[in-house]
There are 2 protein chains.
Amino acid sequence: MILEAVRKSHAHPSAEQIYLEVRSRSPRISRGTVYRNLNLLSEMGEVRRLDMPGAERFDWRREDHYHLRCTVCNRVCDAPVAYQHALDQAVTEETGFRIQGHRMMFEGVCPRCAKKKQIPAADGECPAAGEEPDGERE
Amino acid sequence: MILEAVRKSHAHPSAEQIYLEVRSRSPRISRGTVYRNLNLLSEMGEVRRLDMPGAERFDWRREDHYHLRCTVCNRVCDAPVAYQHALDQAVTEETGFRIQGHRMMFEGVCPRCAKKKQIPAADGECPAAGEEPDGERE
DNA sequence: TTGTCTGCAAAATATTTGCAGGGAA
DNA sequence: TTCCCTGCAAATATTTTGCAGACAA
């Protein structure tokens, strides 16, 4: 059920958002269970974890890909750039690390925030997908 | 003094590590002051902030560059890959975001952890620089 | 004096964990 | 019964903040 919640929301939700979503359908669920299962799911590779300032986010997509984050409203969407396997190879050879992969996060201001010059309310979408902003960070 | 501490430690220290370092020289300093000044310094661009699971890390280098993290001991070092400005350009054009830049974090197992199969003690160095491991994460 | 910065402690946020109970095998 | 998973609450960990005092301009 938690896995479904992550997969259904393509908005890279935080653990708290997933908790709220699941609770709306199963009101007795606890945060502990959500965190425990998100950890399990990410270890199993069913969901992907995004390191972000403030709180982790989760991604339903299992393939390697990059992300794009608005530094104003904190919304995250997928970046239109192909994963560069060649870099992993290069770093492996140069460092001796057993490279598992890499993460890339683009940062900038989304079109909406650029216009509004203010933190937007709580709706809206990425250039090509429905996402939910946060409106938190300064 | 806090800026010096970050610059002196080329090991991408956490706020706590910086606090301990500064306190060893100025025992009356408080965590609040360290956090406040790290935030100031990163806003001024004097230090760089690294988003990591668990806790933020700080980097004295001001130029754009990538990082490499051992998923076992949690040590971080600089990655031997040049920053790809072309990607920022591409994402700007494709998304309409006002791109400020991107972060890249390679992940893998460092040579020492690969050998020891265990979390190493508290010494050691990156392939080419002295760094301090964490030995925290599972 | 006025404004800025600090130490201290409490608060806020995010996540993990101990424990007893419930349900499935 | 046994084992695993859950809810609940307390505990951790990290970072921020309110406040009163110290220091410099």
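By convention in this document, chain letters (A, B, ...) are assigned in the order of the sequence lines, proteins followed by strands, and residues within each chain are numbered from 1.
- Closest-nucleotide positions on DNA chain C for B/Thr33 and A/Tyr35 were compared, and the one nearer the 5' end corresponds to B/Thr33.
- In this structure B/Glu56 satisfies the salt bridge (Lys or Arg N to Asp or Glu O under 4.0 Å) test together with B/Arg49, sequence neighbours excluded.
- Using a 4.0 Å heavy-atom criterion, one finds that A/Glu56 contacts the sugar-phosphate atoms exclusively.
- A/Tyr83 places a side-chain N or O within donor-acceptor distance of the main-chain N or O of A/His102, the cut-off being under 3.5 Å.
- Residue B/Leu20 is not grouped with residue B/Tyr35 when hydrophobic side chains (ILVMFWY) are merged at heavy-atom distances under 4.5 angstrom, including chains of intermediate members.
- Within the helix from C/dT1-D/dA25 to C/dA25-D/dT1, the inter-axis angle between the opening and closing five-pair segments is 10°, rounded to 10°.
- You'll find the side chain of A/Arg69 reaches within 4.5 Å of the side chain of A/Asn74, heavy atoms only.
- Counting only heavy atoms from C-beta outward, the side chains of A/Val34 and A/Glu16 never approach each other to under 4.5 Å.
- For A/Ala15, taking side-chain heavy atoms from C-beta onward, the closest of the listed nucleotides C/dT17, C/dT6, C/dT15 is C/dT15.
- Residue A/Ala55 has its side chain nearest to C/dA14 when only D/dT6, D/dC19, C/dA14 are considered.
- With C/dG7, C/dT15, D/dT14 as the choices, the nucleotide that has an atom nearest any side-chain atom of B/Ser30 turns out to be C/dG7.
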Next item on the list: Would you check, one step at a time, whether the test side-chain contact (heavy atoms from CB on, under 4.5 Å) holds for A/Met104 with A/His67?
Entry: CA-CA 6 Å; A/Met104 178 142 44; A/His67 294 95; over 6 Å; no
